[in-house]
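Presented below is the structure to which this report refers.
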Protein chains: 2
Amino acid sequence: MTDKGVQTINRALDIIEILSMERQGLGVTEIGNRTGLHKSTAHRLLNTLAERGYIEREPQNGSYRLGLKFVEVSSIYLNKIELKTEAQPFLRKLVETVGQPAHLAILNGTDAIYIEKIEALSSIRLYSQIGRRIPAYCSALGKALMAGLNESDLNKLADQTDFYPYTQNTILNKADLLKSVDLVRKKGYAVDDEEHDEGVRCIAAPVYDYTGRIIASVSTAGDKKIISKERDDEIGKYVKEAAEGISRRMGYTNPVYPAF
Amino acid sequence: MTDKGVQTINRALDIIEILSMERQGLGVTEIGNRTGLHKSTAHRLLNTLAERGYIEREPQNGSYRLGLKFVEVSSIYLNKIELKTEAQPFLRKLVETVGQPAHLAILNGTDAIYIEKIEALSSIRLYSQIGRRIPAYCSALGKALMAGLNESDLNKLADQTDFYPYTQNTILNKADLLKSVDLVRKKGYAVDDEEHDEGVRCIAAPVYDYTGRIIASVSTAGDKKIISKERDDEIGKYVKEAAEGISRRMGYTNPVYPAF
DNA sequence: AACTGTGTTTTATTATATGAAACACGATGA
DNA sequence: TCATCGTGTTTCATATAATAAAACACAGTT
């Protein structure tokens, strides 16, 4: 066996990830075909995962789909994150103040991953969902996170970034991205100026922990008529207040916020 | 090997579930001790799970914790459920109408599991969280789900139920539970009259699919001063409207709702 | 009635996972 | 400063668990 980890676990995770991409369940033979496994092998792996609730078998047609155990484990995990717990009241206040949904995200590779979202009423449908990823280069949350990286890590991340023009405003090269990150450091907040979704603008600020490192970012997001250019500084102030409040709860002691 | 499924998968899931219960990470040796595995075995399983993002290693102290991949898989899964997608606008409307959080849940064993929660502003902190389970016998969501079971399944579920007195109002025996389910069938909606949390009342109604079976339930929940006894019929009407709307979206064709 | 494809079970085989041993390293105490 | 201890990591001989080929059961189709 080569040094590629435990084969059986990788096979099981292959099955899980294939099923996670399907709206309908898949049968044993189909799962076997897609994973390159013999159907009897797939069958035994499926049954073990089903026994534990990570996969469910539909009695009607015998197909397999993901089980609720993932939702449970995810929920348990998310609700044990101190950051998320401490952030709740500040995010709620931000929603009340700006009237738009608020988010909390952390950096993962070249993406930001939403770990909390507080909805607002009567707001437009947004891309954000807990658990979802958004590329760092074209999101306010991501750029706020990038602003906290040292130059070496920042350059490395920019080099790994695949630029894709989601809109006419999307940043498409490293130089522009670094300029944008520099602007975040100057203003203390990041802006997504319809860079990911037409008509949607976002404003984000970084969250620090007790070591002074940026561990997350907070944002408000909504229709460009509400999160308008003219209100950037005003809304930026609210977002920074929320982010600073969370930072202090996470042990941030530097009297200066943000620490750019 | 006995017929207990694939040992390696069970071992990996044991590790995952142990880590999901910890706020802090755990070290290799500690994980080995708690799972009965040799530390070198635990090490290899951990590394494979880490390689795939289901577990993360904290560089500072080398301990392991759950990774974001669970949140991602869970999110992908939840957002592929047609039921949840179709329910969104009805739940939002329910929140606007009643002013309290709205929930969607499905039955799993003797519990109801929340698969969607739409928050309201300025509402009290509730027990409900996406992914969390609540015993069916002492929740409106659960009783609405139970009301859709045939007598055989209903009796079986009641027999399997461990009754625990969460509050002075909690149902504590099978006879009272069956009476309560009967009342749900009469009124068309279920009530949690502070049966799980002091001061919190909930009202729920069943969601049917195209086969006419109950597949989920919808509820509103909040402070007993707002979800007061006097408003049961009024709020019950709103909840039934939301649940019926979702049912229709799921292909429910029976002109009579609910179909008790 | 025959055929086809899927799901399930059995079991001989062997490839993989295991764990014992050894090593590296950091923390601790004498 | 050095010895000890406990943890994390790696190696590798081997036991055993996982595999997949074969066979069977079953439902749907022609």
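Quick caveat, the model's predicted, so the values are computed rather than measured. Letters go in sequence order (proteins before strands), and every chain restarts at 1.
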Distance in angstrom units between A:Ile15 CD1 and D:dA18 P, rounded: 14 Å

Touch class at under 4.0 angstrom, heavy-atom based, for B:Gly62 against every strand present: nothing

Length of the line joining A:Ile9:CD1 and D:dA18:C1', which is rounded to integer Å: 13 Å

Residues B:Asp159 and B:Lys174 bridged, charged N to O under 4.0 Å: yes

Divergence of helical axes at both termini of the helix from C:dA1-D:dT30 to C:dA30-D:dT1 - five pairs an end, 10° steps: 30°

Atom of B:Ser217, atom of B:Ala144 and distance for their closest heavy-atom approach: CB-CB, 3.9 Å

Identified side-chain contact (heavy atoms from CB on, under 4.5 Å) partner of B:Tyr77 from the options A:Ile16, A:Val71, A:Leu19: A:Val71

Residue met sooner reading DNA chain D from 5', once A:Thr8 and A:Lys39 are mapped to nucleotides: A:Thr8

Presence of salt bridge, B:Arg52 and A:Asp14, under 4.0 angstrom: yes

B:Ser40 side-chain N/O to D:dT9 phosphate OP1/OP2 under 4.0 Å: no

C:dT8 phosphate, OP1 or OP2, under 4.0 Å from A:His43 side-chain N/O: yes

Length of the CG-P vector between A:Asn47 and C:dT9, whole Å: 7 Å

Flag if over 12 foreign heavy atoms under 6.0 Å of CD, A:Glu17: yes

B:Gln7 CD - C:dA17 P separation (whole Å): 11 Å

A:Arg44 CZ - D:dT19 P separation (whole Å): 8 Å

N or O in side chain of A:Tyr64 less than 4.0 angstrom from C:dT6 OP1/OP2: no

A:Arg11 side chain near D:dA20 phosphate (N/O to OP1/OP2, under 4.0 Å): yes

Short side-chain N/O contact to D:dA20 OP1/OP2 from A:Thr41, under 4.0 Å: yes

Interatomic distance where CD belongs to B:Glu30 and P belongs to D:dG8 [whole Å]: 9 Å

Presence of B:Thr29 side-chain N/O under 4.0 Å of D:dG8 phosphate oxygens OP1/OP2: yes

Taking every non-hydrogen atom, the tightest pair across B:Pro206 and B:Tyr257: O-OH, 2.6 Å

Any A:Arg57 side-chain N or O less than 4.0 Å from OP1/OP2 of C:dT8: yes

Touch class at under 4.0 angstrom, heavy-atom based, for B:Leu45 against every strand present: sugar-phosphate

Test: B:Glu72 and A:Arg133 ion pair at under 4.0 Å: yes

Between D:dT7 (P) and B:Asn61 (CG): distance, integer Å: 14 Å

Rounded distance in Å - CG (B:Leu26) to C1' (D:dG6): 16 Å

Note: A:Glu58-A:Arg65 ion pair, threshold 4.0 Å (strictly below): yes

Proximal nucleotide (of C:dA21, D:dG8, C:dT6) relative to the B:His38 side chain: C:dA21

